[in-house]
Amino acid sequence: MIGFLQTALMYVVPFLIVLGVVVTVHELGHFLAAKWLGTKIDQFSIGFGRPVASWRDRSGVQWRIGWLPLGGYVRFAGDDNAASVPDTDDLDSMRRDLVAREGEAALDRYFHFKPLWQRAVITAAGPIANFLLAVVIFAGLLMALGEPIQSARVARVEPGAPAERAGLRPGDVLVAGEGRTIRTPADVKQLIILRSGLPTDFTVDRGGQVIHLQVTPERGDVADGLGRVQKLGRIGVAFDDSAVTFERYGPLEAVAGGVQRTQDVVVTTVFYIGRMISGRETADQLSGPLGMAQISGDLTKQNVKYSPDASALVRNGLLTLLVLVANISVGIGFLNLLPIPVLDGGHLLFYGYEAIARRPLAAKVQAAGYRVGLALVLGLMLFATWNDLQRLRVFNLFGGLFS
């Protein structure tokens with residue numbers, strides 16, 4: 001039982017903190033945009049199910065925290081149907097009721113009677129808030145701690161590996177890959193892990209002479225910083241790990257760096273999805289809540305192991321959670337922009353139709369789209385959870401919890 005409690009503390013608590021921050025910021029994006037545009041809001045909820053806490057503010061908004069902390073929502077006044085998909089007939093009926101009850105001027109406070117651009121802004125504000133959160137975190141870390149700078153100098157080349165076949169030698173310094181500047185060995189790893197079988201152009205500094213070499217990564221065992229091994233792209237080199245320096249950024253540089261890092265996460269995600277759809281990459285990198293919990297817990301255990309005292313544990317734990325929040329926030333923002341009904345991107349897709357056709361899509365069509373979208377999202381979550389279980393070897397894990 002003690003082992004179970006320790007595991008819960010290591011894995012569940014950090015996961016709930018990370019997810020809670022990301023979801024809250026996402027919903028606050030919707031909420032603040034709606035408030036800015038004068039929209040009447042009934043409810044702001046973090047989590048689903050019965051509330052463990054709730055209160056009402058002066059503006060009449062009910063704030064609640066649900067017992068199941070795996071999402072959240074903002075409910076606008078008049079949003080009575082769960083899908084939020086009124087068509088022209090529904091809107092006409094709603095308009096008559098509101099005018100009779102509150103007068104013509106009250107219509108402007110209701111989400112469904114807002115101009116199309118305002119509804120689009122409110123819908124897009126959630127994912128945008130997630131991206132902004134990531135930019136702020138990355139920028140803050142670049143100002144406070146700086147960026148590690150370590151030249152990607154090759155120390156060893158594995159015999160027969162892609163790097164040797166391409167002509168890389170010990171002493172070569174990789175300065176760019178596919179047109180992107182390489183500042184550390186981590187940049188090389190980030191570039192190649194999803195490019196197995198894809199020729200990759202490297203700019204190499206060889207004793208002051210700049211040359212270009214084309215290396216094709218091959219799929220193989222790649223260990224991450226948490227001791228886990230995955231099948232990813234590799235080229236078979238080891239880098240010189242000496243002479244690490246830290247470069248601190250000024251405010252403007254830090255913001256630009258935060259934007260760049262956020263963009264890098266999005267570009268990598270899009271690249272991976274494209275490779276997966278084309279069959280050139282497996283789908284085993286997709287993770288769901290269990291995977292997020294595992295990463296959170298593994299990082300927490302690593303911090304406990306390597307922190308010499310309580311202050312270092314708190315400092316390292318906070319930094320780790322911040323980086324994790326930033327990366328997951330980008331992922332949540334990107335996911336919600338996909339043009340799938342039930343997600344924010346699906347709403348924006350319907351608004352695009354409305355802008356072109358000058359009327360909302362029929363409620364029956366929207367409702368059918370939401371059912372299909374819900375099935376897709378649930379299917380994706382189940383698949384991601386299956387991947388997580390495969391990585392966790394869940395039966396062994398549960399067996400260890402109670403030992």
Distance in Å, [X] [atom1] paired with [Y] [atom2], rounded so as to fall on 0.5 Å steps:
{"X": "Phe202", "Y": "His212", "atom1": "CZ", "atom2": "NE2", "value": "12.5 Å"}
{"X": "Leu213", "Y": "Arg169", "atom1": "CG", "atom2": "CZ", "value": "9.0 Å"}
{"X": "Leu361", "Y": "Arg359", "atom1": "CG", "atom2": "CZ", "value": "7.5 Å"}
{"X": "Thr269", "Y": "Asp264", "atom1": "OG1", "atom2": "CG", "value": "10.5 Å"}
{"X": "Phe31", "Y": "His26", "atom1": "CZ", "atom2": "NE2", "value": "14.5 Å"}
{"X": "Thr203", "Y": "Glu178", "atom1": "OG1", "atom2": "CD", "value": "9.5 Å"}

- Evaluate ring pair (Phe, Tyr, Trp, His ring centres under 6.0 Å) for Phe138 paired with Tyr249, printing each intermediate quantity in order. CA-CA 11 Å; Phe138 287 136; Tyr249 285 52; over 10 Å; no
Grab the two heavy atoms, one from [X] and one from [Y], that are nearest each other, plus how far apart they are.
{"X": "Val135", "Y": "Val255", "answer": "CG1-O, 4.2 Å"}
{"X": "Gly72", "Y": "Glu27", "answer": "O-OE2, 3.2 Å"}
{"X": "Gln150", "Y": "Pro185", "answer": "O-CD, 3.3 Å"}
{"X": "Thr262", "Y": "Ala134", "answer": "OG1-CB, 3.7 Å"}
{"X": "Val215", "Y": "Ala166", "answer": "CG2-CB, 3.6 Å"}
{"X": "Pro360", "Y": "Glu354", "answer": "N-CG, 3.8 Å"}

Does [X] reach the side chain of [Y], with side-chain heavy atoms less than 4.5 Å apart?
{"X": "Val21", "Y": "Leu133", "answer": "yes"}
{"X": "Pro162", "Y": "Thr216", "answer": "no"}
{"X": "Leu142", "Y": "Glu253", "answer": "no"}
{"X": "Thr39", "Y": "Gln118", "answer": "no"}
{"X": "Val175", "Y": "Ile182", "answer": "no"}
{"X": "Leu145", "Y": "Leu319", "answer": "yes"}
{"X": "Tyr73", "Y": "Gln43", "answer": "yes"}
{"X": "Phe44", "Y": "Asp57", "answer": "no"}

- Mutual orientation of the aromatic rings belonging to Phe111 and Phe76 [parallel < 30°, tilted 30-60°, perpendicular > 60°]: parallel
- Message: Please verify the inter-ring angle class for His347 with Tyr351; under 30° counts as parallel, over 60° as perpendicular, anything in between as tilted.
- Response: tilted
Can any side-chain N or O of [X] pair as donor or acceptor with the backbone N or O of [Y] at less than 3.5 Å?
{"X": "Asp187", "Y": "Arg183", "result": "yes"}
{"X": "Glu158", "Y": "Ala163", "result": "no"}
{"X": "Thr200", "Y": "Leu198", "result": "yes"}
{"X": "Ser196", "Y": "Arg219", "result": "no"}
{"X": "Gln263", "Y": "Val259", "result": "no"}
{"X": "Arg153", "Y": "Phe239", "result": "no"}
{"X": "Lys114", "Y": "Leu37", "result": "yes"}

Check residues 323-335 and write down every donor-acceptor pair under 3.5 Å in which the side-chain atom is one partner and the other belongs to a residue at least two apart or another chain.
{"from": "Asn327", "atom 1": "ND2", "to": "Val323", "atom 2": "O", "distance (Å)": "2.8"}
{"from": "Ser329", "atom 1": "OG", "to": "Asn130", "atom 2": "O", "distance (Å)": "2.8"}
{"from": "Ser329", "atom 1": "OG", "to": "Asn130", "atom 2": "ND2", "distance (Å)": "3.1"}

Heavy atoms from other residues, nucleotides or ligands near [atom1] of [X] exceed 12 (cutoff 6.0 Å):
{"X": "Leu252", "atom1": "CG", "answer": "no"}
{"X": "Arg101", "atom1": "CZ", "answer": "yes"}
{"X": "Arg165", "atom1": "CZ", "answer": "yes"}

- Can you list the steps and then say if Ser45 with Arg75 is a side-chain contact (heavy atoms from CB on, under 4.5 Å)? CA-CA 8 Å; Ser45 179; Arg75 176 171 292 167; over 6 Å; no
- Test side-chain contact (heavy atoms from CB on, under 4.5 Å) on Leu348 and Leu337 and set out the steps. CA-CA 8 Å; Leu348 294 173; Leu337 283 178; 4.1 Å; yes
